[in-house]
*Asks:* 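Here's a structure for you.
Just so it is clear, the structure is predicted and the values come from calculations on it, not from any experiment.
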Amino acid sequence: ITGSSGKTTVKEMVAAIFAEAVGPIETGFDPVLKTKGNFNNLVGLPLSLLPIECSHELAILEMGMNVPGEIARLTAIADPDIGCINNVHPAHLQGLGSIQGVAAAKGELFAGMRADAVRVVNCDDPHVLAQAKKSGGKQIGFAVSPSGRKLRPLVRATRQRNLGESGMRFTLHIGDWHQRLTVPVYGEHNVGNCAAAAAIAHAAGIPPESIVRGLEQYAPTVDKRLAVTELAGGIKVVNDAYNANPASMAAGLRTVASFGRPGCRHLAALGDMLELGVASETLHREIGALVAGLGYDGLALFGPHAAVVAQAAMAAGMAGDTVHIFADHQAMADWLVQLKSQKRLVAGDWLLIKGSRGMRMERLLEALEQRLTPVH
């Protein structure tokens with residue numbers, strides 16, 4: 001599994017489906033091997049494969065990259081029977097130059113697979129479709145958007161309903177079969193991840209009923225990815241500090257904007273998105289405008305591009321006294337604690353924390369937890 005975003009989530013969803021299909025483990029050996037953490041590069045993927053033994057039936061491997069040729073080498077090492085490019089978004093532009101460079105680098109997975117191996121294709125993403133067309137071979141498509149569904153892929157998601165904190169409800173179609181389900185994941189982007197996981201599982205021969213049960217039982221366990229914490233006083237924090245690119249930043253902002261009771265406040269504490277090259281300023285401006293468009297009540301910023309985001313947010317309608325730039329995580333935490341003491345941040349309000357890995361935005365949550373004892 002590769003892609004600009006959602007790789008780890010799809011990997012964990014596939015693992016949940018496989019675990020459901022395999023059933024209770026009685027031998028003491030888990031038949032499912034999967035990438036642990038972010039061991040997905042030229043060092044991490046071989047290390048992920050080393051534990052393989054005769055008891056393993058399925059291996060789910062994540063592939064990451066930031067330079068051309070990396071995915072080709074990983075594909076040669078793993079020789080996958082099933083390969084999925086989840087999506088192509090602006091990410092690692094510093095090393096890849098353009099969105100077309102990202103697509104070509106991700107496309108190395110399809111190009112390097114055997115002709116009889118199954119390529120799982122995101123029909124919502126024109127860049128993935130182009131790579132699939134170029135590579136040929138055996139293919140299974142998935143789609144969640146009207147434009148993608150027009151291509152009549154085998155796996156489709158329809159009738160999406162955002163339940164906010166309760167997850168997403170949708171109807172999953174695999175060929176002529178369909179079933180309605182609710183999955184405990186946040187945001188519309190995760191329906192696409194569910195469809196990708198379902199397509200991968202179908203390619204592995206897992207029945208639709210097991211796929212649905214696996215998705216419904218999927219429990220997000222990955223630290224710093226849309227993890228909800230409640231601080232003293234009932235303030236809800238969504239810790240999505242693991243990493244960020246423009247697509248995942250936009251998805252996180254949209255997701256948290258849908259949370260909470262009517263009238264509650266939504267704040268975002270954002271760090272820079274890194275490795276975006278010459279497009280960095282434009283992409284940061286788009287995020288600032290999106291924050292304003294989604295109606296966020298406050299915006300805290302940290303990083304070299306903070307001023308660009310702030311200007312864009314205010315140009316799009318956010319009041320100047322609701323947008324603040326900070327020198328470090330501690331100062332940002334001080335401001336949020338002050339808002340709480342002034343009753344401008346109260347029980348039921350929501351805070352999103354997100355930024356690229358290098359921005360270490362989880363330190364903001366650590367600082368808040370030191371000042372406001374979390375509720376367990």
Side-chain angles (χ1 to χ4, degrees), residues 37 164-165 185-187 219-244 248-261 263-274 284 287-288 290-292 294-307 309-310 313 318-376:
E165 302 162 59
V185 294
Y186 308 127
T221 56
V222 183
D223 187 32
K224 297 188 282 289
R225 284 187 172 93
L226 283 177
V228 177
T229 301
E230 185 172 313
L231 296 172
I235 298 161
K236 301 287 187 71
V237 180
V238 177
N239 179 12
D240 200 21
Y242 180 77
N243 214 339
S248 68
M249 184 72 88
L253 286 164
R254 289 193 180 99
T255 298
V256 175
S258 73
F259 286 1
R261 66 184 190 283
C264 75
R265 295 180 186 90
H266 296 88
L267 284 79
L270 308 179
D272 276 12
M273 301 175 293
L274 305 178
H284 278 88
I287 291 301
L290 179 63
V291 173
L294 290 169
Y296 272 77
D297 301 283
L299 177 59
L301 298 164
F302 168 56
H305 283 91
V309 179
M318 280 193 83
D321 63 352
T322 64
V323 181
H324 299 269
I325 297 171
F326 296 95
D328 55 40
H329 306 98
Q330 298 296 328
M332 195 179 275
D334 289 340
W335 175 68
L336 290 163
V337 170
Q338 185 180 20
L339 287 183
K340 181 179 182 293
S341 67
Q342 295 169 346
K343 305 283 194 245
R344 293 164 63 197
L345 191 58
V346 298
D349 289 346
W350 287 86
L351 169 67
L352 168 67
I353 299 175
K354 190 162 179 65
S356 278
R357 186 83 301 270
M359 301 307 294
R360 298 289 188 267
M361 291 302 291
E362 67 276 8
R363 291 176 183 169
L364 170 59
L365 180 56
E366 291 164 6
L368 286 170
E369 288 177 340
Q370 286 169 3
R371 292 160 172 77
L372 305 169
T373 307
V375 174
H376 294 292

*Asks:* Considering all heavy atoms of both residues, which atom of L253 and which atom of Y296 are nearest to each other, and what is their separation?
*Replies:* O-OH, 2.7 Å

*Asks:* Would you call E165 and R261 a salt bridge, using N to O less than 4.0 angstrom?
*Replies:*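 Salt bridge: no.
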
*Asks:* Looking at CG of L368 and OG1 of T229, how far apart are the two atoms once the value is rounded to the nearest 0.5 Å?
*Replies:* 10.5 Å

*Asks:* Among all residues two or more places apart in sequence or in another chain, which pass the side chain to side chain contact (heavy atoms under 4.5 Å, CB included) test with D328?
*Replies:* Q330, A331

*Asks:* Do you know the tightest heavy-atom contact between S248 and A244?
*Replies:*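 Answer, listing the atom of S248 first, then A244: OG-CA, 3.5 Å.
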
*Asks:* S356 and N243: which non-hydrogen atoms are nearest, and at how many Å?
*Replies:* CA-OD1, 3.5 Å

*Asks:* About how many Å separate CG of L352 and CE of M361, when rounded to the nearest 0.5 Å?
*Replies:*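 The CG atom of L352 is 9.0 Å from CE of M361, to the nearest 0.5 Å.
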
*Asks:* Given side chains that start at C-beta, do those of E230 and V237 come closer than 4.5 Å, heavy atoms only?
*Replies:*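 Answer no - side chains too far apart.
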
*Asks:* Quick one: CG on L270 to CG on L364, what's the gap to the nearest 0.5 Å?
*Replies:*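 Separation between the atoms: 10.5 Å.
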
*Asks:* H284: which residues meet the side chain to side chain donor-acceptor pair (under 3.5 Å) condition with it, sequence neighbours left out?
*Replies:* S280

*Asks:* Enter the distance from K354:NZ to M273:CE here, rounded to the nearest 0.5 Å.
*Replies:* 10.0 Å

*Asks:* Considering residues at least two apart in sequence or located in another chain, which fulfil the side chain to side chain donor-acceptor pair (under 3.5 Å) criterion with H324?
*Replies:*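 Per chain and number, H324 pairs via side chain to side chain donor-acceptor pair (under 3.5 Å) with no residue.
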
*Asks:* Determine whether a donor-acceptor pair (N or O, by modelled atom type, separation under 3.5 Å) exists between the side chain of H266 and the backbone of F259.
*Replies:*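 Yes; at least one donor-acceptor contact below 3.5 Å.
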
*Asks:* Which pair of non-hydrogen atoms, one from L336 and one from L345, has the smallest distance, and what is that distance?
*Replies:*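 The answer is O-CD2, 3.9 Å.
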
*Asks:* Using side-chain heavy atoms (C-beta onward) and a distance below 4.5 Å, is M359 in contact with L274?
*Replies:*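 When only atoms from C-beta onward are counted, L274 and M359 do touch, with a gap below 4.5 Å.
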
*Asks:* Nearest 0.5 Å please: distance from the CD1 atom of I353 over to the CG atom of L365.
*Replies:* 5.0 Å

*Asks:* Would you check if T322 and L299 make a side-chain contact, meaning some heavy-atom pair closer than 4.5 Å?
*Replies:* no

*Asks:* Output, in order, the C-alpha distance, side-chain angles, deciding distance and verdict of side-chain contact (heavy atoms from CB on, under 4.5 Å) for D334 and R371.
*Replies:* CA-CA 9 Å; D334 289 340; R371 292 160 172 77; 3.0 Å; yes

*Asks:* Holding to side chain to side chain donor-acceptor pair (under 3.5 Å), I want the full list of residues that pass it with D297, two or more places apart in sequence or in another chain.
*Replies:* none

*Asks:* Of all the heavy-atom pairs spanning D240 and G252, show the shortest one and how long it is.
*Replies:* OD2-CA, 4.4 Å

*Asks:* Which heavy-atom pair separates I325 from A310 by the least distance, and what is that distance?
*Replies:* CD1-CB, 4.1 Å

*Asks:* Does E362 form a salt bridge (Lys or Arg N to Asp or Glu O under 4.0 Å) with R357? I'd like the steps, not just the answer.
*Replies:* CA-CA 9 Å; E362 67 276 8; R357 186 83 301 270; 2.7 Å; yes

*Asks:* State which residues pass side chain to side chain donor-acceptor pair (under 3.5 Å) with R344; sequence neighbours excluded, sorted by chain then number.
*Replies:* Q342

*Asks:* So, using salt bridge (charged side-chain N to carboxylate O under 4.0 Å, His left out) as the criterion, who are the partners of R265 when residues are at least two apart?
*Replies:*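 Result, salt bridge (charged side-chain N to carboxylate O under 4.0 Å, His left out) vs R265: D349.
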
*Asks:* Would you mind reporting whether L267 and W350 have side-chain heavy atoms less than 4.5 Å apart?
*Replies:*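 No - every pair of side-chain heavy atoms lies 4.5 Å or more apart.
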
